[in-house]
Amino acid sequence: MAEITNVTMVETKNQDPDIIPLAVQMDGKPGGQLLRLDQRKSMTETVAEVAQEFGVTDATNYALQFDTGIYVTQNNRGELQKGMILILTDSPSKSAQDLYDTLHSQNPEEISKALKKLARAGSDITFATEFIEKKGHELLIQMVEAGTEWVKLPKKLSEVFGHGESLADTLTSFLELMEHAILSWDIVTAKFVKRIASYVNRPVTQESQLVTLRALSILESIILNSASLYNTIANEITYNNLVQHLEGKYPGIQQNCLALMNALCLKAPDDRKKRFEDALASKEIRTNIMEKVVRSSNMGTELVHQLYVFQQLTFNLLEKRMMTRIEQNNENHSSLIIDLRNAAFGTDSGPKKPGQTNAIEYQKLGFENTSNPTLDFQEVPPGVLALESMHHFALKQDQNYTKLVFENTTRADEHECPFARTSIALTKVLCEVLKVGEAPSETGEEYHPMFFSCDKAFEEFFCQCIKLFNKTWKEMRATLEDFPKVMGVVREQIERTMKGRPNRPSSMDQFWTQLQQLNYDVILNLREKERSDKEELNSKAPPVVELREQIKPEIIELIKKQRINYLIEGTQFNKFTKTGRAKDKFWYCRLSPNMKILHHGDIGESDKPAPENLLNKVAISEDMDLVTGKDCPHINRIRGTLNLAFSLIQHQDSEVHLDFMAPNQEAFDMWTDGLNVLLGKPMVSEQMQKDLDMLLSMEMKLRLLDTVNIHIPSEAPPIPPPPADYNFYYPTVAE
């Protein structure tokens, strides 16, 4: 874009809010003009007036663009701000027609230039709509299907078109057009899918990495949005073909490869689930993810999300076993129970079926139905998963297993910790902690490196947790009546360790080390501190209540400042469409230091732009309202998490609104609190109440330090009666 020079200055004293003073320049020409656009006029009138200023008499084929390349339309003209720079350029219809005609030509250089321009223009929905109306998307599909045959070139140039920039631009253009959700993904053909799959199946080179990146994204989008083409893709792509991309050195390709793997498993029909579930749990894929992805230093937001989805899908493979009851006549299940007995007590004269004899051994193992232990596994969840986890512990950690069993058999009966009962209850708790069977969240990022560090991650996780239960049981000197209490403590130990940041364990050994540090005494101290804080906060003594009420406004003001500072710092938000979260599409929003304007705009991942670099602005005013959840105007236009949506809406014009989908609950609470502060309304989030309780408790402790071990009376001491007279004499004063 040329710099604006030789600008014609226009007086802009008019303070009418519908008059926007800004700069306009004509595409491809130097110079520009400062003009005043009247927002009350239609865009057709506005473009005609601007075109006339540049000497253009017929403005039919012209339109205005933001300097980002997005066309100014009736829908987005509310984003126009004083001082912006607009471009007078070809209209969307003319631009789309010109590109369409050029792509039909036989000039390789012109086609290459047209594809580059199309890749940039396709992100604008106004242009995309015009290009699609002219069947431009069908042309792109035909180009991909034809490959290098589309343009009759010498062999070397043909290879460049087939594997280099022009092909990458073609795929980028198609992807940009489809992401507007104007068309269904069912429009693509099997031939197109096979051609795209061929780009994924080949090794990646420096020249072809962008092609592979786009091809992976296209296949993922087809799988997520077109059930009819799933089998075509599944026949062409296997997890083994995708492993090469995990092993590569390109983070973007690793990310898109992981996303495609997740999509293949997430949308697999029943007849293909087993194949992809086996691949999902394979050691080769897990090892590559751990070595090449998890341990990489390039961990962007999208990659973290895909790791979370992969982890959740892996744990969801346990759902079938978790919901399967043990069959009494199932030989495999019976043999697992016999193995537990043999691993603990040896194989001498052991029966071939549980329940024939050995009731004493099964009682020592903690089974409630000693005559037929299979009856202990009828509850679902955890079903057969509990038995398989116990069996894994007995075989893989045989020394710990025998130690645990014999420790319990040598304790007094009232302090005996029943291994079988514990294992069944613990497996159920672990399934709840890991949310087995729940669909991955659209914005989830809670992945744990330790689950990628070993095979049979759940069973290994169980091994560490069953050892923890036994350790905590001993520390609590528990009896059978204390079983629920011990389980509650163990669950708290597990959850606190997993939520610990930034020292999240990267292996099962680290997890066990951290669990040991969080012993029962530590849990008691943490609980006591929380209880003490709550008691102090809720003290009913009038002096304490009065002091608390005096301090509370100061604390609320402090929280308000923190929320405002959070908004000034800004947040990166994901973009959402009708089909869900738009991959690798982000926008940033931050409050100006004077707390009057919200700056926002599109960014790349991990960017943190200054306010002046975010060209879109929304002035905060008293005639605005904050709505959340289902009341948001954008919630019906996108697929996102309902409880993370919020919008700023103008009272006078409900069509003017700024819509958000928070990345997590913390960001939602911070932004809604901060916006409420700016609008002069109370903060209502749960986080606000937690922060208020914490800060109020800390301040109360500081204020009451001098009253430690001093009884604070519930009533003020009585006022003594007045003296007989007021004839006081102070010698020091008299002197």
Side-chain angles (χ1 to χ4, degrees), residues 1-27 29-92 124-126 589-602 610-625 633 647-659 678-679:
M1 183 177 69
E3 293 292 330
I4 296 180
T5 58
N6 302 321
V7 173
T8 301
M9 300 300 296
V10 178
E11 187 66 34
T12 59
K13 292 182 179 178
N14 196 329
Q15 298 300 315
D16 188 338
D18 290 322
I19 304 298
I20 311 294
L22 41 71
V24 181
Q25 68 178 104
M26 196 165 185
D27 191 20
K29 293 186 178 181
Q33 298 192 46
L34 290 178
L35 303 174
R36 290 183 294 173
L37 299 191
D38 191 341
Q39 292 284 61
R40 291 167 295 201
K41 295 183 178 180
S42 69
M43 281 306 302
T44 303
E45 293 177 289
T46 300
V47 171
E49 291 179 1
V50 172
Q52 190 173 8
E53 292 290 336
F54 285 90
V56 177
T57 55
D58 184 7
T60 307
N61 291 325
Y62 286 87
L64 290 172
Q65 274 186 341
F66 293 99
D67 59 359
T68 57
I70 302 298
Y71 281 99
V72 182
T73 66
Q74 198 64 35
N75 292 331
N76 66 9
R77 66 185 302 172
E79 298 177 10
L80 290 173
Q81 299 289 334
K82 177 181 177 181
M84 278 187 168
I85 300 175
L86 300 184
I87 315 297
L88 182 65
T89 186
D90 290 339
S91 68
D124 178 55
I125 189 170
T126 308
C589 188
R590 64 189 305 173
L591 180 67
S592 62
N594 65 5
M595 300 182 291
K596 294 183 178 179
I597 296 174
L598 284 174
H599 299 260
H600 65 95
D602 295 346
E612 57 269 19
N613 294 331
L614 297 169
L615 301 181
N616 301 318
K617 302 175 184 177
V618 174
I620 303 294
S621 62
E622 294 181 355
D623 66 338
M624 283 184 159
D625 197 14
S647 298
L648 264 180
I649 301 178
Q650 288 273 8
H651 282 308
Q652 296 178 350
D653 186 358
S654 60
E655 295 299 318
V656 179
H657 47 83
L658 183 60
D659 303 320
L678 293 172
L679 298 176

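Side-chain atoms are counted along with the backbone in the values below, which use heavy atoms only and exclude waters and symmetry mates. From a predicted model like this one, the values you see are computed outputs, not experimental measurements.
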Between the side chains of D58 and T60, is a donor N or O closer than 3.5 angstrom to an acceptor N or O?
yes
Would you check if F54 and V24 make a side-chain contact, meaning some heavy-atom pair closer than 4.5 Å? yes
| Do any N or O atoms from the side chain of E49 and from the backbone of T46 form a donor-acceptor pair under 3.5 angstrom? | no
Heavy atoms of S621 and Q650 approach each other most closely as OG-OE1, 4.0 Å
* To do: Decide side-chain contact (heavy atoms from CB on, under 4.5 Å) for R77 and M43; before the verdict, give the C-alpha distance in whole Å, the side-chain angles of both, and the deciding distance to 0.1 Å.
  => CA-CA 9 Å; R77 66 185 302 172; M43 281 306 302; 3.7 Å; yes
Worksheet item: Is there side-chain contact between I19 and Q39, with at least one heavy-atom pair below 4.5 Å?
Response: no
d(I87 CD1, I70 CD1) to nearest 0.5 Å is 13.0 Å
Tightest non-hydrogen contact, residues S592 and H599, listed as CB-NE2, 3.5 Å
Here the pair of heavy atoms bringing L678 nearest to M595 is CD2-O, 3.9 Å
CG of L80 to CG of L22, rounded to nearest 0.5 Å, is 6.5 Å
dist I649:CD1 -> D625:CG (nearest 0.5 Å) comes out at 7.0 Å
Tested for side chain to side chain contact (heavy atoms under 4.5 Å, CB included) against L86, the lone hit among L37, L35, I20, D67 is L37
Scanning both residues in full, the closest heavy-atom pair of S91 with A63 reads CA-CB, 3.8 Å
Margin query: More than 12 heavy atoms of other residues, nucleotides or ligands under 6.0 Å from CD of Q74: yes or no?
Written below: yes
In short, M624 meets V618 closest at the heavy-atom pair CE-CG1, 3.4 Å
| message | Contact between V72 and Q65 at the side-chain level, heavy atoms closer than 4.5 Å - yes or no? | response | no
- Query: So H600 and L614, side-chain contact (heavy atoms from CB on, under 4.5 Å) or not? Walk me through it.
  - Reply: CA-CA 5 Å; H600 65 95; L614 297 169; 5.6 Å; no
Working note: K29 + D27, criterion side-chain contact (heavy atoms from CB on, under 4.5 Å); need CA distance, chi angles, decisive distance, verdict.
CA-CA 6 Å; K29 293 186 178 181; D27 191 20; over 6 Å; no
Is the shortest side-chain heavy-atom distance between I620 and L648 below 4.5 Å?
yes
| message | Under 3.5 Å, is there a donor on one side chain and an acceptor on the other for S647 and D659? | response | yes
Is the side chain of T126 donor-acceptor paired with the backbone N or O of Y71 at a distance under 3.5 Å, no angle test? no
When rounded to the nearest 0.5 Å, the distance separating CD of Q33 from CG of L88 is 10.5 Å
Would you indicate whether the side-chain heavy atoms of V56 and Y62 approach each other to under 4.5 Å?
-> yes
Open item on the list: Could you tell me if the side chain of N616 sits less than 4.5 Å from the side chain of L598, heavy atoms only?
Closed with: no
When rounded to the nearest 0.5 Å, the distance separating CG of L64 from OG1 of T73 is 11.0 Å
query: Is any side-chain heavy atom of N76 closer than 4.5 Å to a side-chain heavy atom of F66?
result: yes
One should read off an interatomic distance between E622 CD and L679 CG, to the nearest 0.5 angstrom, of 9.0 Å
Review point. Looking at side-chain heavy atoms only, is the closest gap between D18 and D38 below 4.5 Å?
Key: yes
